[in-house]
2 protein chains.
Amino acid sequence: MNKTRTSIVDIAHAAGVSKSTVSLVLQGSPLVNEKTREKVNALIGDLGYVYNRGAANLRQSKSKIIGIVVNDLTNSFFAELAVGMDMMVQSAGYVQFLAHSGESVDRQREVISSMRENGIAGLILSPARGTEASDIKPLADSGIPVVLVVRNVPGAKVSTLLSDNYVGAKAAIRHLISLGHSRIAFMGGFVDTAVFGERLRGYRDALAEANIPLNEKFVIHSAPSRAGGVAAVERMMVFAERPTSALCLNDAVAFGVCDGLRSSNIEPGKGFGIIGFDDVIEAKTAVPALTTVSVDPQGMGQRAAQLVLKQINAGQTDPESIVTSVRLVVRQSCGAPVKQLEELA
Amino acid sequence: MNKTRTSIVDIAHAAGVSKSTVSLVLQGSPLVNEKTREKVNALIGDLGYVYNRGAANLRQSKSKIIGIVVNDLTNSFFAELAVGMDMMVQSAGYVQFLAHSGESVDRQREVISSMRENGIAGLILSPARGTEASDIKPLADSGIPVVLVVRNVPGAKVSTLLSDNYVGAKAAIRHLISLGHSRIAFMGGFVDTAVFGERLRGYRDALAEANIPLNEKFVIHSAPSRAGGVAAVERMMVFAERPTSALCLNDAVAFGVCDGLRSSNIEPGKGFGIIGFDDVIEAKTAVPALTTVSVDPQGMGQRAAQLVLKQINAGQTDPESIVTSVRLVVRQSCGAPVKQLEELA
DNA sequence: CTTCTAATTTGGAACGTTCCAAAAAACAAG
DNA sequence: CTTGTTTTTTGGAACGTTCCAAATTAGAAG
């Protein structure tokens with residue numbers, strides 16, 4: 001309703017002091033007299049003053065905004081990641097521009113440039129598939145800290161926070177082997193992503209380690225989604241010699257694989273061992289409970305936020321690469337005889 | 001790296017014109033000569049100038065930022081809602097502060113006030129449980145359009161966009177009755193939310209309509225989550241006379257109910273009919289595919305964004321209340337003999 | 001070459017804050 | 001009552017834009 005919002009000079013005038021004094025009060029400076037501080041604070045409440053952070057940012061040429069771009073919010077792994085970041089960011093007194101790129105690099109570019117115009121202090125990016133170093137370069141060059149999370153971008157000279165995909169996949173396969181499986185599939189994912197490559201490498205090496213020959217047909221590509229899992233099973237069913245278990249690219253695929261098996265009257269966890277990757281919240285409550293490589297997305301989000309906040313505060317520091325450890329959580333879907341926990345470094 | 005980012009006066013100087021002219025170019029004004037426009041645009045590219053929207057906002061005392069607060073991003077219904085909003089907001093040339101309240105009113109209050117300091121043009125709020133009208137009042141009073149989505153807040157004099165929970169629930173129960181069920185449960189949800197109340201009312205009325213007496217025990221409260229669905233089934237299993245089907249508060253609960261039934265060796269869709277509410281993406285691909293009341297969260301998000309954008313552009317308008325229609329999507333989980341589609345107004 | 005009009009450009013004030021150097025006030029000591 | 005010291009307060013410039021009224025330039029007509 002108010003034509004013009006009340007500003008610092010309005011309350012200064014009302015309190016009979018200068019705007020500088022009010023500013024000092026706002027910043028909690030110890031320089032002001034206790035009496036004036038109280039008077040000013042009272043007026044602030046009465047007049048319904050709201051601080052204009054934009055103006056402050058302009059003057060100080062810095063901001064309290066962190067940009068976050070996530071490739072797919074509807075995937076609960078990334079949603080949890082976002083929630084973790086949110087927690088950290090808010091409690092550090094920052095706010096976030098949180099955007100969803102929907103795996104579109106164009107969209108992502110637009111969003112990043114819009115964030116740039118709005119003056120972000122740092123950016124956390126879970127890049128869309130096909131993101132190139134040049135998409136991030138201008139931002140990074142202008143001195144804004146950038147943290148890449150979950151997926152790496154080849155050639156980008158910025159900080160990264162990735163999970164240990166190789167070790168996780170290897171541990172999962174070892175576990176399946178220890179349960180007596182030898183025909184083990186790898187399901188889901190597109191070949192052009194780094195995550196897929198690393199997990200596949202873990203799969204291969206673990207098989208090699210156990211002298212199990214690799215059957216290329218057992219690497220079944222599909223969309224990294226629930227629907228993709230269903231599709232992968234359909235593809236598998238026509239094989240003459242079928243796998244008896246599978247490591248899935250992620251939990252979404254694993255759930256899809258369960259769905260697909262049921263459609264073919266195979267009971268997941270009994271007739272076929274399944275291991276996922278990520279450990280989203282539903283993994284625990286699903287039936288059968290999903291054996292999976294836990295990545296702790298929420299914790300990862302928090303760490304990413306911490307990292308970017310650290311870099312903002314430190315001015316400019318060198319890019320840092322963190323690999324977060326990962327652990328296999330054994331539940332029912334792999335058909336393990338007993339419930340047991342295996343920890344990894 | 002640059003000590004100070006290049007501003008409008010830098011390019012003005014380089015181009016040998018005044019800052020006003022550059023500003024005109026930036027705004028795409030038809031007043032500037034084609035030659036100067038080109039020269040300026042070239043320099044903008046060369047010098048790596050980035051527009052400072054904050055400064056512009058300060059001058060014009062308006063902003064291109066929309067605040068969005070969602071109670072639970074890890075619930076895929078709300079995640080999709082957020083994605084829908086995101087699409088609309090971005091394509092209107094706005095950016096969004098998207099925050100997650102985690103069902104905490106305190107958190108929500110903090111977040112809203114922080115958004116206010118940062119100068120949002122409008123707010124879309126999917127309120128945390130227990131939100132009161134007073135939490136929104138100051139914002140609305142200061143003339144910032146607020147749209148409440150999914151959940152209403154009693155006493156708040158702002159626009160709302162809600163789905164037709166009553167009609168949807170009624171349709172679902174009618175369908176179960178038409179399949180021959182008479183012992184129908186209502187599962188999931190806490191009694192203090194409006195959504196729960198409306199859906200429950202639809203359940204009651206549909207039963208009354210068919211002269212089926214209401215068994216209070218068949219209304220089984222639980223958390224509105226997958227885990228809550230599992231819990232509800234456990235509670236149900238001890239009944240002497242058990243329901244043969246259930247309407248669930250939402251899809252998450254419905255999936256949990258499926259999980260719970262399987263644990264008790266009941267095949268969802270065969271031994272027990274299940275209907276969800278929301279129609280999240282996984283509903284279609286799950287096994288059995290979930291019969292559910294489709295709310296189209298993404299579309300709802302888009303409409304909410306449109307509404308708030310409309311109000312921003314229109315200056316101040318009266319609060320508007322929209323109820324979005326809803327339709328029953330019949331799939332496998334209700335045990336329907338044939339696949340059929342029933343449309344509602 | 002004037003004069004008139006249309007097209008283009010331009011200084012400065014303003015937006016709401018912070019920062020700085022300096023002024024004013026309060027207090028202490030001589 | 002000085003003088004010195006400490007505490008508190010204060011104008012104005014600055015941040016990067018937009019807006020306005022006014023100035024300048026270009027073009028047309030006489």
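Throughout, protein chains are lettered first and strands after them, A, B, ... in sequence-line order, and every chain is numbered starting at 1. Heavy-atom basis, side chains included; hydrogens, waters and symmetry copies ignored.
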Quick one: A:L31 CG to C:dA22 P, roughly how many Å, whole number?
-> 17 Å
Minimum heavy-atom distance A:V323-A:S163, with the two atoms named = CG1-C, 4.1 Å
Nearest whole angstrom, please: distance from the P of D:dT7 to the CD of A:E34.
-> 15 Å
Look at the side chain of A:T160 and the backbone N and O of A:L162, then say whether any donor-acceptor pair between them is shorter than 3.5 Å.
-> no
Of the nucleotides D:dT9, C:dG12, D:dG16, which one has an atom closest to the side chain of B:R5?
-> D:dG16
Taking atom C1' of C:dA14 as reference, at what distance in whole Å does atom CZ of A:R59 sit?
-> 16 Å
Could you give the NE2-to-C1' distance, from A:H13 to D:dG11, as a whole number of Å?
-> 15 Å
With a 4.0 Å cut-off on heavy atoms, is A:T21 in touch with a base, just the backbone sugar-phosphate, or nothing at all?
-> base
Terminal axes of the helix from C:dC1-D:dG30 to C:dG30-D:dC1 (five pairs each): angle between them, nearest 10 degrees = 50°
Spacing between B:I8 atom CD1 and D:dG16 atom P, to the nearest angstrom = 11 Å
For C:dC19, take OP1 and OP2 only and decide whether either is under 4.0 Å from a side-chain N or O of A:Q27.
-> yes
Could you tell me the separation between the NZ atom of A:K35 and the P atom of D:dT9, rounded to a whole number of Å?
-> 11 Å
Without swapping roles, check the side chain of A:R37 against the backbone of A:S29 for a donor-acceptor pair under 3.5 Å.
-> yes
Could you pull out all residues at least two apart from B:K137 that satisfy side-chain hydrogen bond (donor to acceptor under 3.5 Å, both in side chains)?
-> B:D141
When rounded to the nearest 0.5 Å, the distance separating OG of B:S126 from CD of B:E103 is 7.5 Å
Winner on side-chain proximity to B:N52, out of C:dT17, D:dT17, C:dT9, is D:dT17
Closer than 4.0 Å, any side-chain N/O of A:Q60 to the OP1 or OP2 of D:dA14?
-> no
Search all heavy atoms of B:L125 against all heavy atoms of B:P127 and return the closest pair with its distance.
-> O-CD, 3.3 Å
Please report the shortest heavy-atom distance between B:Q108 and B:T131, naming the atom on each side.
-> NE2-OG1, 3.0 Å
Using whole Å, report how far CZ of B:R53 lies from P of C:dG16.
-> 20 Å
When all nucleic acid strands are considered with a 4.0 Å heavy-atom cut-off, which category describes A:L24: base, sugar-phosphate, or nothing?
-> base
Ionic contact status for B:R107 with A:D86, cut-off 4.0 Å | yes
On DNA chain C, more 5' by nearest nucleotide between B:L58 and B:N33 is B:N33
Using atom CD1 of A:I44 as one end and atom P of C:dG16 as the other, report the distance to the nearest whole Å.
-> 15 Å
Out of D:dT10, C:dT17, D:dG16, minimum distance to the side chain of A:S18 belongs to D:dT10
Base, sugar-phosphate, or nothing: which does A:S20 touch, judged by heavy atoms less than 4.0 Å apart?
-> base
Looking only at side-chain N and O atoms, does B:T36 come under 4.0 Å of OP1 or OP2 in C:dT9?
-> yes
Return the 5'-most residue of the pair B:S61, B:P30 with respect to DNA chain C, ranking by each residue's nearest nucleotide.
-> B:P30
